[in-house]
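Inspection log for the structure reproduced underneath, given as structure tokens.
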Amino acid sequence: MHIFAIANQKGGVGKTTTAVNLAAALAANGQRTLLVDLDPQGNATMGSGVDKRALPRSVYHMLLATASLADVRAASPSGKYDVLPANRELAGAEVEMVDLERREKRLKEALTQHTDEYDFVLIDCPPSLSMLTLNGLCAADGVIIPMQCEYYALEGLSDLVNTIKKVHANFNPDLKIIGLLRVMFDTRSTLSNQVSAQLEQHFGDKVFKTLVPRNVRLAEAPSFGVPGVLFDKNAKGALAYLAFAIEMIERVKNWKE
Ligand code: ADP
Ligand code: MG
């Protein structure tokens, strides 16, 4: 089982879109996949076709140990993957976890009992460096960082890289950056191409080969509760996330060898 956190402390950079579409694309390739929604906004939950307003139990209960993973998980009705769903309740977890022991390891501990059931676990992190994100980073083997190739992208990246270094040093020695995923990419923009080239220069093979273009079909899909890769299979955005899933499967294969 490979566990990846999809993180970037900035909002609106494509974390949830990447989490939902990578989960659906991995599942379409026969990978047993679990998507963990760690954002109280519950966008990954809704985007997977699970109604966040009608959850008997959510990731919140699992983190506070009042429900087990098996109690909380739901099958995505549209994709062939499982979801640990979230809603606004999760915002309270931050405060309520303060007195718990090993509070940064709650997600990791919940997942350890299910290592044989999944090939991939993807964690959609909230846009902050909070206790929820820390739980995601403590549970993960690696981080996937979606980013837009814009002027301030590199600046924001150094904060995230420093946080990952701190978590690696203090909590999770297994944690590493798997790669940077360029999303909402506009091939016709000179700036995008310049930033993209800079990224390749600084980060080398840490930059994924797949480029996810800006594509309106990916943005439309969530309102139907269907991952973009299934909503319009032939759209450029869908094809990119399918290619990204293959790239991830290949990377993981090379680790085993
Ligand atoms: P985050 O989870 O980082 O806040 P989202 O995945 O929710 O970001 O994306 C922010 C917005 O951008 C959403 O409205 C989403 O539909 C849209 N979006 C994400 N990726 C793309 C893309 N490749 N093309 C077009 N729109 C996108
Ligand atoms: Mg999000």
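Whatever order the structure lists them in is the order used to number ligands and atoms, beginning at 1. Being a predicted model, the structure only gives us computed values, none of them experimental.
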Problem - T17 side chain to Y241 side chain, donor-acceptor N/O pair below 3.5 angstrom - result: no
Practice task
Hey, can you tell me if F244 and F208 have their rings parallel, tilted or perpendicular (30° and 60° cut-offs)?
Solution key: perpendicular
Handout entry: Given N8, L160, I145, the one that forms side chain to side chain contact (heavy atoms under 4.5 Å, CB included) with L180
Key = I145
Handout entry: N/O/S atom of T17 inside 2.8 Å of the Mg ion (ligand 2), strictly under
Key = no
Exercise for the section: Answer yes or no: does an N/O atom from N43 fall short of 3.5 Å to an N/O atom of ligand 1? Expected result: no
Practice task
Scan the protein's non-hydrogen atoms and note whether one is under 4.0 Å from atom 21 (C) of ligand 1.
Solution key: yes
Problem - Close side-chain approach of Y118 to D82, heavy-atom, < 4.5 Å - result: yes
Completion exercise
From the list L34, T115, D119, side chain to side chain contact (heavy atoms under 4.5 Å, CB included) with M1 holds only for T115
Exercise for the section: Indicate yes or no: does an N/O atom of G14 lie under 3.5 Å from an N/O atom of ligand 1? Expected result: yes
Problem - Flag for T16-N43: side-chain donor and acceptor within less than 3.5 Å - result: no
Handout entry: Contact bool for atom 13 (C) of ligand 1 (protein heavy atom, d < 4.0 Å)
Key = no
Handout entry: S68 side chain to D71 side chain, donor-acceptor N/O pair below 3.5 angstrom
Key = yes
Fill in the blank from the handout: Numbered in order shown, the ligand 1 atoms found under 4.0 Å of a heavy atom of V212 are 23 (N)
Practice task
Give the residue, atom name and distance (to 0.1 Å) of the protein heavy atom nearest atom 5 (P) of ligand 1.
Solution key: T17 OG1, 3.6 Å
Practice task
Enumerate the atoms of ligand 1 whose separation from the nearest heavy atom of V13 is less than 4.0 angstrom.
Solution key: 1 (P), 3 (O), 8 (O)
Problem - Heavy-atom gap V183 to ligand 1 smaller than 4.0 Å - result: no
Fill in the blank from the handout: If we number the atoms of ligand 1 from 1 as shown, the ones under 4.0 Å from a heavy atom of L218 are 22 (C), 23 (N)
Handout entry: Test salt bridge (Lys or Arg N to Asp or Glu O under 4.0 Å) applied to E200 and R182, K206, K209, the passing residue
Key = R182
Handout entry: Chi angles and distances behind the side chain to side chain contact (heavy atoms under 4.5 Å, CB included) call for L199, M147
Key = CA-CA 10 Å; L199 275 182; M147 55 184 303; 3.9 Å; yes
Exercise for the section: For atom 26 (N) of ligand 1, grab the closest protein heavy atom and report residue, atom and distance to one decimal in Å. Expected result: A219 CB, 3.7 Å
Exercise for the section: Measure the distances from the heavy atoms of P222 to every atom of ligand 1 and state whether one is below 4.0 angstrom. Expected result: no
Practice task
Before signing off on this row, confirm whether G12 and ligand 1 have an N or O atom pair separated by under 3.5 Å.
Solution key: yes
Completion exercise
Exactly one candidate in L63, L137, L107, I123 meets side chain to side chain contact (heavy atoms under 4.5 Å, CB included) with L132; the answer is L63
Fill in the blank from the handout: re atom 7 (O) of ligand 1, the protein heavy-atom contact at minimum distance is T16 CB, 4.0 Å
Handout entry: Per-atom contacts of ligand 1 with N215, taking only distances under 4.0 Å to non-hydrogen atoms
Key = 22 (C), 24 (N), 25 (C)
Exercise for the section: Please state whether P213 comes within less than 4.0 angstrom of ligand 1, counting heavy atoms only. Expected result: yes
